[in-house]
Structure formats: structure tokens, C-alpha cells
Amino acid sequence: AVSDSEVTPFSVPSYACQRRSTLENYNAVLTDALSLLAENAELSDEDGRGVAFRRAAAVLKALPSAVTNMSQLTGLPCLGGHSLRVIKDILENGASSEVESTKESERFKALKVLTGIFGVGSKTADRWIREGIHNLQQLRDSGQTLNRAQQAGLEHYDHIKQPVSLAEAEAIRGIVGRAVASVSPESQIVLTGGFRRGKLTGHDVDFLITHPEEGSEVGLMPKLVSWLESRGLLLYQKTTRNSYLECSEGPGRPPSNIDRFERCLSIFKLSAEQTGSGVQSEEIAASPSAAETRWRAVRVDLVVSPISQFAFALLGWTGSKLFERELRRWAGHEKGMSLSSHALYDNKQGRYIRASTEEEIFVHLGLEFIPPTERNA
Ligand code: GTP
Ligand code: MN
Ligand code: MN
């Protein structure tokens with residue numbers, strides 16, 4: 001007899017920002033396959049296809065149990081013909097030939113390795129591949145001119161490709177916390193990105209910093225970076241002034257305080273003592289090079305936001321990337337609003353909508369509040 005769960009199709013809302021996506025995933029085999037195709041599309045500058053595969057994977061991630069039969073998928077949103085073919089292939093044959101051949105293709109492998117270098121995007125990687133460069137040694141031997149970020153990325157490649165643990169993220173939070181307390185005692189710092197969503201590892205550590213008094217956050221980033229640099233804690237850093245004003249398309253000119261967002265993309269030098277976990281000594285025992293250095297390189301992103309934009313910055317830097325994209329799509333298509341990491345703009349009323357918490361932003365968007373740990377779309 002066929003049980004109810006096999007004949008009852010699943011049901012999920014169309015936008016990822018309407019769904020509660022925890023880290024639990026009953027369909028990892030399917031979502032890994034679709035994520036790989038998404039990654040391949042993104043690396044090949046086919047962003048539209050990439051988003052389609054990401055959306056399909058996110059729908060499967062949100063299901064309450066494993067898919068066993070194609071009939072369960074009837075009526076689900078975001079599952080296009082291509083994604084359905086891949087799912088069917090896996091359900092029927094245990095694997096998707098397209099996914100397997102992509103995974104094994106020299107081009108995909110080369111794109112992965114080269115874009116795994118901090119500072120190298122898909123366009124640069126594609127150019128190098130066309131010049132016959134497929135791996136790090138060929139890149140080193142090629143005499144290609146590398147910018148400062150790429151030089152640092154190549155130098156610290158092995159460290160940076162190692163996932164960052166929660167213990168390491170917390171150690172860096174301690175360091176950045178002390179730095180902020182020293183240069184601007186009233187400033188506040190929040191861990192954002194994947195770690196705020198409850199992930200136990202990440203590719204980097206993301207922080208958002210603000211000051212309770214509007215305007216007092218100005219000049220904070222250079223002081224923070226100097227504090228860290230003078231203590232030898234940074235292997236690389238590049239601070240960028242926010243370009244929000246230039247990019248703004250809204251008819252209403254934003255208030256003048258709005259272009260003060262600054263971000264710093266950095267590589268931290270995290271010593272074993274700073275992490276202070278038993279894992280470090282095991283690593284040293286296993287790897288002689290770790291014993292010599294006793295530190296590792298970790299990618300860290302620092303963002304400073306004025307308090308008036310803090311809720312938008314927090315929402316925008318918590319992710320996941322797809323959840324953010326879906327929030328903006330919801331705002332635009334369903335509410336006639338424009339959402340960014342700076343502000344929410346009501347296109348019909350022609351005005352900005354203030355919010356001081358993430359909860360308020362969800363209310364303005366007419367969405368049920370989704371806590372960070374359920375934004376893992
Ligand atoms: P892992 O680092 O791999 O654990 O995942 P993550 O979700 O933390 O990803 P990442 O650090 O790349 O980005 C964290 C969040 O910051 C995501 O929601 C991104 O959308 C957001 N983000 C990254 N770069 C930018 C940017 O240039 N501008 C804005 N506004 N947001 C960004
Ligand atoms: Mn991150
Ligand atoms: Mn980041």
C-alpha cells in the first residue's frame with residue numbers, strides 16, 4: 001500500500017524569505033547536486049541559471065522529509081524543467097550524469113581552484129584558463145601580474161581554503177572586540193554572516209560595527225585597522241569607502257549620513273594561543289609546518305554602519321545570499337519597495353521607511369519574522 005506521505009505532494013511558499021530554512025536538510029544529495037550546477041553556472045557568468053538552481057535547491061532544503069518520488073514535487077515553486085531532470089536522474093539512477101561530468105570537467109576544476117584564491121573572480125580565472133593556466137603552480141610559473149589581494153590570496157591559499165571553526169570565529173570576535181573597545185569604547189560589534197545563522201564553520205568571519213550615536217562611527221574603521229595592524233594581526237587589508245550615494249537610484253536623495261558605510265576585507269593572522277583550543281596542539285602534532293608557524297590565516301570582513309542604518313546592515317550581512325536576494329525580490333515585486341543593506345524605500349509613497357530592528361523591517365515588508373538561524377536558504 002502507498003502511504004499518505006508518498007502521495008501527498010509537499011507544499012512550500014514561493015519566496016525563500018517566507019520559509020523557515022534551518023540547517024537541517026533531508027535532501028542533501030539532491031541539493032548538493034543542484035548547488036554544484038549553480039556554482040558551475042556562476043563561475044561561467046551565467047547568473048540567471050545560477051539563481052534558478054539556487055532557488056530549486058532552497059525549495060528542496062525546506063522540505064520536511066526526503067523526496068522519494070517525483071510525484072511529491074507536483075506544484076512546488078522554483079523547480080524548472082532542468083532541475084526536475086536532475087532530481088529525476090538522481091532518484092532513478094542514484095546520480096545525475098550532468099552533475100558527475102561537470103564535477104570531473106577540467107574547466108570546472110580549474111575554475112574552482114583559481115577562484116578559490118582570494119581576490120580572483122570568475123572573469124580573471126576564465127582569462128587565465130584561456131591562457132593555459134589551470135592550477136596554482138602554473139599560475140606561479142606564468143609570470144602573470146597579480147594585484148595585492150591576489151598575491152596575499154595565493155600566499156595563504158592553503159590556510160584560507162580550510163573552513164573557519166566557530167572557536168576560531170569566537171577568538172577573532174574577542175580580538176576585534178578588544179580593538180573596538182580600545183579605539184571607540186561605546187561602539188558595538190556583532191558577528192554576522194553564516195555564524196549568526198548558527199553555522200559551525202564558514203569560509204570567513206563577518207562583523208558589523210556601529211556606534212549608538214549617529215555620526216560617531218565616522219573614522220572608526222581606520223583607527224580599528226591601525227590598532228590591528230600595529231599588533232601584527234593583519235596579513236592583508238583593504239578598506240573601501242561605501243559608494244551608496246553614487247549607486248543610489250531612488251528619486252529621493254538619501255540623507256547625507258548615508259555614504260559613511262565602510263568595509264574592510266582582510267586576512268587575519270590568528271595564532272594558536274589566541275584560539276586556545278585543544279584542537280590546535282593536535283594539528284601541530286599532525287603537521288610540522290603548523291608547529292613552525294603556530295598561526296593560521298583567516299578571511300575576515302569588517303563593516304561599519306551608522307546606527308540609523310544598522311538594522312538594514314544587520315539584515316543584509318546575515319545572509320544567506322539567496323535569502324537576501326529573495327527578500328529584495330519580495331520587496332520589489334510584492335510590495336513596490338526597494339530594500340538594500342542601507343534602507344527600505346517605498347516606491348509608491350516616494351519615501352524611506354525607518355526601522356531600528358530586523359523585526360520592524362519584516363513588519364514593513366508584510367513578512368512573518370524569520371530569525372537568523374532559519375535564514376539558511
Ligand atoms: P560563509 O562565509 O561561507 O559561512 O557564508 P556567509 O553566508 O557568511 O557568506 P559571506 O561571508 O560571503 O556573506 C555574508 C553576507 O554578507 C551575505 O548575506 C552576503 O549577501 C552579504 N554580503 C557579502 N558581500 C556583500 C557586499 O558587497 N555588500 C553587501 N551589502 N552585502 C554583502
Ligand atoms: Mn561569511
Ligand atoms: Mn564575508
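Nothing fancy with the numbering, it's 1 onward along the sequence. Just so you know, ligand 1 is whichever comes first in the structure, and atom 1 is the first atom listed for that ligand. Fair warning: this is a prediction, and the values are worked out from it, not measured in the lab.
Close placement of the H159 and W295 rings is indicated, their centers lying within 6.0 Å of each other. Residues H82 and F53 place their aromatic rings such that the two centres sit under 6.0 Å apart. Taking the six-membered ring for Trp and the full ring otherwise, Y236 and F118 have centroids separated by under 6.0 Å.
Close approach to D204 involves these atoms of ligand 1, each under 4.0 Å from a residue heavy atom: 2 (O), 11 (O).
The closest non-hydrogen atom to atom 10 (P) of ligand 1, taken over H342, K321, R375, comes from K321. Which of W317, F312, F323 comes nearest to atom 15 (C) of ligand 1 through a heavy atom is settled by distance: it is W317.
The protein atom (non-hydrogen) at minimum distance from atom 21 (C) of ligand 1 is G316 O, 3.7 Å. Given atom 27 (O) of ligand 1, the protein heavy atom at minimum distance is R263 NH1, 2.2 Å. When only non-hydrogen protein atoms are considered, atom 30 (N) of ligand 1 lies nearest to S341 OG, 3.0 Å. Shortest contact from atom 5 (O) of ligand 1 to any protein heavy atom: K199 NZ, 3.9 Å.
Under 4.0 angstrom from ligand 1, the non-hydrogen atoms of D206 all belong to its side chain. By the criterion of a heavy-atom distance under 4.0 Å, both the backbone and the side chain of H203 are placed next to ligand 1.
Here the N, O or S atom of D206 that is nearest to the Mn ion (ligand 3) is OD1. With respect to the Mn ion (ligand 3), D301 has OD2 as its nearest N, O or S atom.
Side-chain contact between F195 and L166 is present, with heavy atoms from C-beta onward closer than 4.5 Å. You'll find the side chain of V303 stays beyond 4.5 Å of the side chain of D206, heavy atoms only.
Y15 and L60 fall into different hydrophobic clusters, where Ile, Leu, Val, Met, Phe, Trp and Tyr side chains are chained together by heavy-atom contacts under 4.5 Å. Under a hydrophobic clustering in which Ile, Leu, Val, Met, Phe, Trp and Tyr are joined whenever their side-chain heavy atoms come within less than 4.5 Å, directly or via other members, V86 and M70 fall into the same cluster. When hydrophobic clusters are built by joining Ile, Leu, Val, Met, Phe, Trp and Tyr residues whose side-chain heavy atoms come closer than 4.5 Å, directly or via intermediates, L367 is grouped together with I361.
Partner of L208 under the side-chain contact (heavy atoms from CB on, under 4.5 Å) criterion, out of L302, V304, D301, T192: T192 alone.
Polar contact check, G194 against ligand 1: a nitrogen or oxygen pair lies under 3.5 Å apart. Any N or O atom pair closer than 3.5 Å counts here, and T318 shares no such pair with ligand 1. Distances between N or O atoms of G319 and those of ligand 1 include at least one value under 3.5 Å.
Not a single heavy atom of R299 lies less than 4.0 angstrom from ligand 1. Heavy-atom distances between R197 and ligand 1 reach below 4.0 Å in at least one pair.
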Run the side chain to side chain contact (heavy atoms under 4.5 Å, CB included) test on E155 and Q151 for me, step by step, so that the C-alpha distance in whole Å, both residues' side-chain angles and the decisive distance to 0.1 Å come before the verdict.
CA-CA 6 Å; E155 186 175 346; Q151 284 169 29; 5.8 Å; no
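Between the Mn ion (ligand 2) and D204 there is an N/O/S contact shorter than 2.8 Å.
In this structure, F323 and F362 have tilted ring planes: the angle between them lies in the 30° to 60° band.
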